[in-house]
Amino acid sequence: MDAYHTALVGLFPELARAFLDVGVIGRAVREERLAFTHFNPRDYAADARNTVDDRPFGGGPGMVMMVEPLRCAVRDARKTVPEGAPVILLSPQGRRFDQRLAGELAGLPGMVLVAARYEGVDERFSSNEVDDELSIGDYVITGGELAAFVILDAVARLVPGVLGNPDSAVAESHVDGLLDYPHYTRPEIDGENRAPAVLLSGDHAAVAAWRRREALGRTWERRPGALLDRELSAVDRELLGSYISDSREHDIETPE
Ligand code: 9D3
């Protein structure tokens, strides 16, 4: 299998190291399931001072990343990724990244991620050199690198072979639109608190039903609205109904 190849264009190559060396991602890089290259716009600056940013036309605060160093870095980055890999700019103005997009990107042979600093990039770069603009959510961070790692992380774990256990990519929260059920491990009793008896019963059907009920119930509690969009089976409606009446009995705050 050819590796899924990500090229990152950004000013801080050293940031990627910690992320690429450890855990699931680190192993996949060592096993050559993931490939990674880095291109620094500063290496493509046209002047002796290696300038990559300048003051905004029209005035205002901050600096803007210049077109030319970014364009040259992206051009070289493209040469290292397979044909069909999109150029994606991380930007607060981008479409919101989600699990569905992670799946779509994992289906491609690779991607070029462009991380900006300062106030952003010259609009002629985003208009002409970029296929898509993505945001990771409605909060402000200081640059695109962390957003690039978030996207790379979510995409990489969906690349075949990256997770040891192929089941784990499927049986998880957000894939079927439900939040995860609660998890327990030893000890059975922690101070006042017992792990739910059903999980120690050895009754696999009862365990599965309990987990489904908890996943439905927690989604109903914590993501009001997420369940409105979906058609629940008769069994799911029954499980959720039982969760809701239990939580009302126990006088827990419940959504409308
Ligand atoms: C006041 C204007 N700000 C835009 C919201 C300026 C600004 C803040 C932060 C410009 C760039 C940045 C750096 N952020 C990113 O590059 C970024 C980001 C983010 O801040 N939040 C969520 N997703 C992303 S993707 C890239």
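As the structure is a prediction and not an experimental result, all values here were calculated from the model. Both ligands and their constituent atoms are indexed starting at 1 by order of listing.
For ligand 1, the polar-atom distance check finds no N/O of Gly120 at less than 3.5 Å from any of the ligand's N/O atoms. Where the criterion is an N or O separation shorter than 3.5 Å, residue side chain and backbone included, Tyr139 meets it with respect to ligand 1.
Legend: residues meeting salt bridge (Lys or Arg N to Asp or Glu O under 4.0 Å) with Asp132, ordered by chain and number and at least two apart, are Arg95.
Looking at atom 5 (C) of ligand 1, its nearest protein heavy atom turns out to be Pro92 CB, 4.0 Å. Closest protein heavy atom to atom 25 (S) of ligand 1: Ser91 N, 3.3 Å. Ranking protein heavy atoms by distance to atom 10 (C) of ligand 1, first place goes to Glu119 O, 3.3 Å. For atom 23 (N) of ligand 1, the closest non-hydrogen atom on the protein side is Ile136 N, 3.1 Å. The single protein non-hydrogen atom nearest to atom 18 (C) of ligand 1 is Ile141 CG1, 3.8 Å, given as residue, atom name and distance. Looking only at protein heavy atoms, the nearest one to atom 4 (C) of ligand 1 is Gln93 NE2, 4.2 Å.
Put simply, CG on Leu34 and CZ on Arg157 are 12.5 Å apart, with the number rounded to the nearest 0.5 Å.
For ligand 1, the atoms closer than 4.0 angstrom to any heavy atom of Val140 are 8 (C), 9 (C), 20 (O). For ligand 1 and Ala147, the ligand atoms under 4.0 Å from any heavy atom of the residue are 25 (S). Every atom of ligand 1 with a heavy atom of Gly143 under 4.0 Å away is listed here by number and element: 13 (C), 15 (C), 16 (O). Near Gly137, meaning under 4.0 Å from any of its heavy atoms, are these atoms of ligand 1: 21 (N), 22 (C).
Residue Arg212 forms a side-chain contact (heavy atoms from CB on, under 4.5 Å) with just one option from Leu239, Val235, Val207, and that option is Leu239. Put simply, the residue from Val87, Leu70, Val74 that forms a side-chain contact (heavy atoms from CB on, under 4.5 Å) with Val130 is Val87.
Using modelled atom types, one side-chain atom of Arg33 and one backbone atom of Gly161 make a donor-acceptor pair closer than 3.5 Å.
Residue contacts with ligand 1 include Leu134, since one of its heavy atoms falls under 4.0 Å from the ligand. Heavy-atom distances between Tyr118 and ligand 1 reach below 4.0 Å in at least one pair.
In this structure, the side chains of Arg218 and Tyr243 come closer than 4.5 Å at one or more pairs of heavy atoms. For the pair Leu152/Leu8, no side-chain contact is recorded, criterion being any heavy-atom separation below 4.5 Å from C-beta on. Here the side chains of Ile136 and Tyr139 are in contact, with some heavy-atom distance below 4.5 Å.
Between the side chains of Asp2 and His5, no donor N or O sits under 3.5 Å from an acceptor N or O.
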Check against side chain to side chain donor-acceptor pair (under 3.5 Å), Asp76 and Tyr44: CA-CA 10 Å; Asp76 276 359; Tyr44 300 87; 2.8 Å; yes
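By the criterion of a heavy-atom distance under 4.0 Å, neither the backbone nor the side chain of Ala115 is placed next to ligand 1.
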